[in-house]
Asker: 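Let me begin by handing over the structure; questions about it come next.
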Amino acid sequence: MSNSSSITEFLLLAFADTWELQLLHFWLFLGIYLAALLGNGLIITAIACDHRLHTPMYFFLLSLALLDLGSISTTLPKAMANSLWDTRAISYAGCAAQVFFFLFSISAELHLLTVMAYDRYVAICQPLHYGTLLGSSTCVKMTTAAWGSSFLNAVLHTANTFSLPLCQGNGLNQFFCEVSQILRLSCSHSYLREAELLVAGVFLAFGCFVFILFSYVQIFRAVLRIPSEQGRHKAFSTCLPHMAVVSLYVSTGTFAYLKPPSISFPSLDLVVAVLYAVVPPTLNPLIYSMRNKELKDGIRKGISWMFLNSDKLPISLHK
């Protein structure tokens, strides 16, 4: 028996029993992490440098890319370090920080995806009112509200989770500090308070999903009435990727926190966690740029700008 006052560290899930397999996981996670950094970094650079992309849709996409970088940087670096050094430990303070930043990132991302659905709804269903409903100040206010409410949500859950007495050891069956895993270490029924907050959070997430789904039903109805095939193609190319991201994100996240204990075991928990914590930040840049000509042109322009400036750098240093 242990309690929270005596716990100074937690033990995260080990990916394998042998050093060779641990090293393999390190290189795998390193490749995924670098792909996420590169993809989201290119999107941020393209939107920041190309004035043609200074529109509400791309402003929200830039914010999403920042959150994706924050989300994946909260979980993977520690998992990679543990695999490389063949350890499982994370400090108590480090675990609390990981919980806070991860909850903030995924909560803000869901709110932002909801705002992005509203943006697409107004752009396609009410194009004449787009400039009025989604002006610069409105976009900033909605993004600030998404980030601010997510910050408060993360503070609430983190403080509540780490105020619980822990009596079931310090081993977590996950590669990062996940709230649902920490609750399993709590004493008797003391976890129910945080569990109720988690359920409320999941229902809020479901409400966001319903709003997004309703928005896209209206969007698809409007798109089917567009006489131009090119216009329909452009509308679907910006909407379908967003819907795919939302569906994967909400379904796997909801399952992770609401699945019955009877079907909870380490391998399943690990797969679900990877699907909602690692896959979306890595694939979002590909999904959003794959069928978006404007964004692909902006990324090419950003890459060209970086190469041109890197060629000029030695000359300027030489001078």
Side-chain angles (χ1 to χ4, degrees), residues 43 47 52-65 67-68 106-150 153 200-255 258 276 279-281 283-296 298:
I43 284 182
I47 295 174
R52 296 174 302 173
L53 302 181
H54 293 176
T55 64
M57 182 179 80
Y58 293 109
F59 172 74
F60 296 136
L61 186 55
L62 184 147
S63 298
L64 183 68
L67 289 171
D68 281 338
I106 63 172
S107 178
E109 184 160 342
L110 179 61
H111 293 157
L112 198 60
L113 289 170
T114 306
V115 171
M116 291 172 72
Y118 175 71
D119 167 73
R120 291 299 83 205
Y121 167 77
V122 175
I124 294 173
C125 299
Q126 301 183 37
L128 298 180
H129 302 286
Y130 188 76
T132 305
L133 295 175
L134 283 162
S136 299
S137 61
T138 304
C139 293
V140 171
K141 288 177 182 176
M142 287 194 294
T143 304
T144 303
W147 285 53
S149 60
S150 300
N153 177 66
V202 168
F203 276 106
L204 178 61
F206 183 72
C208 291
F209 180 71
V210 170
F211 177 85
I212 293 170
L213 191 62
F214 175 79
S215 299
Y216 277 101
V217 168
Q218 301 303 313
I219 288 171
F220 292 147
R221 288 176 60 187
V223 166
L224 293 175
R225 292 197 296 267
I226 297 177
S228 166
E229 183 177 347
Q230 183 179 4
R232 288 198 300 271
H233 174 76
K234 184 177 181 180
F236 277 122
S237 67
T238 59
C239 294
L240 288 177
H242 181 243
M243 197 63 209
V245 171
V246 171
S247 299
L248 175 65
Y249 193 67
V250 174
S251 59
T252 53
T254 300
F255 181 76
L258 290 187
Y276 85 88
V279 172
L283 292 186
N284 275 354
L286 178 63
I287 290 172
Y288 280 106
S289 62
M290 186 168 51
R291 301 181 65 188
N292 190 316
K293 186 177 183 300
E294 291 177 339
L295 187 56
K296 284 192 287 189

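Nothing fancy with the numbering, it's 1 onward along the sequence. Computed from a predicted structure; not experimentally measured.
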Asker: For a quick test of reading the model, state the closest non-hydrogen atom pair linking Trp147 to Ser63 and the distance between them.
Answerer: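 So the two residues come closest at CZ2-O, 4.1 Å.
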
Asker: Locate the shortest heavy-atom distance separating Leu133 from Val122; write the atom from each residue and the value.
Answerer: CD1-CG1, 3.8 Å

Asker: Would you give the length of the straight line joining atom CG of Leu110 to atom CG of Leu204, rounded to the nearest 0.5 angstrom?
Answerer: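 Here the interatomic distance stands at 7.0 Å.
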
Asker: So, taking the atom named CG in Asn284 and the one named CG in Leu67, what distance separates them when rounded to the nearest 0.5 Å?
Answerer: 10.5 Å

Asker: Out of curiosity, Phe206 CZ to Leu213 CG, how far, rounded to the nearest 0.5 Å?
Answerer: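 Spacing of CZ (Phe206) from CG (Leu213) equals 8.5 Å.
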
Asker: Could you check whether any side-chain heavy atom of Leu134 comes within less than 4.5 Å of a side-chain heavy atom of Met57, counting everything from C-beta outward?
Answerer: no

Asker: Which distance, rounded to the nearest 0.5 Å, do you find between the NZ of Lys141 and the OG of Ser136?
Answerer: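 Lys141 atom NZ to Ser136 atom OG measures 11.5 Å (nearest 0.5 Å).
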
Asker: Less than 4.5 Å apart, side chain to side chain, heavy atoms only: is that true for Asn153 and His111?
Answerer: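 When only atoms from C-beta onward are counted, His111 and Asn153 do not touch, as no gap falls below 4.5 Å.
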
Asker: So which heavy atom on Thr143 is nearest to which on Phe59, and how close?
Answerer: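 Of all heavy-atom pairs spanning Thr143 and Phe59, the closest is OG1-CE2, 3.2 Å.
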
Asker: Measure across Phe209 and Val246 and return the closest heavy-atom pair with its distance rounded to 0.1 Å.
Answerer: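 So the minimum-distance heavy-atom pair works out to CD1-CG1, 3.6 Å.
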
Asker: In Å, rounded to the nearest 0.5 Å, how long is the span from CE of Met116 to CD of Glu109?
Answerer: 9.5 Å

Asker: Hey, what do you get for CG (Leu112) to CG (Asp68), rounding to the nearest 0.5 Å?
Answerer: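 Going from the CG atom of Leu112 to the CG atom of Asp68 covers 9.5 Å.
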
Asker: Indicate yes or no for a side-chain donor-acceptor contact from Ser150 to the backbone of Ala108 under 3.5 Å, with no hydrogens or angles considered.
Answerer: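 Answer holds: yes.
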
Asker: Out of the candidates Ile43, Leu61, Leu64, only one should pair with Pro285 under the side chain to side chain contact (heavy atoms under 4.5 Å, CB included) rule; please name it.
Answerer: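 Only one option passes, and that is Ile43.
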
Asker: State, with a plain yes or no, whether a side-chain heavy atom of Tyr118 is found less than 4.5 Å away from one of Phe211.
Answerer: yes

Asker: Within the 4.5 Å heavy-atom criterion, are Tyr216 and Arg120 side-chain neighbours or not?
Answerer: yes

Asker: Does the side chain of Asp119 come within less than 4.5 Å of Tyr130's, by heavy atoms?
Answerer: yes

Asker: Could you pull out all residues at least two apart from Arg52 that satisfy salt bridge (Lys or Arg N to Asp or Glu O under 4.0 Å)?
Answerer: Asp50

